[in-house]
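Written below as structure tokens is the structure these notes are about.
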Amino acid sequence: DTAVSQTPKYLVTQMGNDKSIKCEQNLGHDTMYWYKQDSKKFLKIMFSYNNKELIINETVPNRFSPKSPDKAHLNLHINSLELGDSAVYFCASSLSNEKLFFGSGTQLSVL
Amino acid sequence: DAKTTQPTSMDCAEGRAANLPCNHSTISGNEYVYWYRQIHSQGPQYIIHGLKNNETNEMASLIITEDRKSSTLILPHATLRDTAVYYCIALTNSGYALNFGKGTSLLVTP
């Protein structure tokens, strides 16, 4: 009955690979987000979708491509992984611009 | 969104009140003050938010100064489980999402 669930929790991969992280929310929210938390613990917005439409797209390499098949899902696909992509990625959702509900994070390690 | 400033770290004895300050001297009239916390290895968790009036919920109280240039999050009876990084953010009602700063690392000790 987890509100915002993301998989996998851990992802270890080699440089150059392509990987995806999935996120699902069962809260009936209309807005979903991807955040990146780096080694210095700064948490930065990457993307936001409202009703399946992209509304926030921060300065993120185009190797990162979000996909929202429906309002309850926002997946993150990353091409040609680099060492600097290693971080914890958090999915979140909200009802419009109200308070955020976060998933438990995906720790990505690129070797 | 207005910039916020918080102390890097604070300690609090278990059972005592934890008072976490936040300065937001450039906050505009339509910006809310939001507080979130992040317990180690977990996703951030919403705590409380307010505009002008003080607010209280089951988790905490939020005291906003009359000039709205600063606020204090109060955990009335801190427990060890309250050890976390606490983030204070100013956000308009029409603003989507936000970047979280470094926050305050609160350590609750036995």
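On a predicted model such as this, the values are computed, not experimentally measured, just so you know. Chain letters run A, B, ... following the sequence lines, proteins first and then strands; every chain starts at 1.
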Minimum heavy-atom distance between A:F42 and B:F100, given as atom pair plus value: CD2-O, 4.1 Å
Joint hydrophobic cluster, B:Y46 plus B:I89, side-chain heavy atoms closer than 4.5 Å: yes
Neighbour count >12 (heavy atoms, 6.0 Å) for atom CZ, A:R63: yes
Exercise: identify the closest heavy-atom pair between A:K41 and B:Y87: O-OH, 3.9 Å
Spacing of A:E98 atom CD and B:L91 atom CG [to the nearest 0.5 Å]: 11.5 Å
Which atom of B:N99 lies closest to which atom of A:I45, heavy atoms considered: OD1-N, 2.7 Å
Same apolar cluster (I L V M F W Y, side chains within < 4.5 Å links), A:V88/A:L108: no
Considering all heavy atoms, the nearest A:F102-B:P44 contact: CD1-O, 3.2 Å
Single-linkage hydrophobic cluster, 4.5 Å side-chain cutoff, B:V33 and A:L43 together: no
Transitive ILVMFWY side-chain link A:Y10 to A:V4, under 4.5 Å: no
Which atom of A:F90 lies closest to which atom of B:Q38, heavy atoms considered: CZ-NE2, 3.4 Å
Side chain / backbone / both / neither for A:Q37 at chain B, heavy atoms under 4.5 Å: side chain
ILVMFWY network linking A:L76 to A:M15, side-chain heavy atoms under 4.5 angstrom: yes
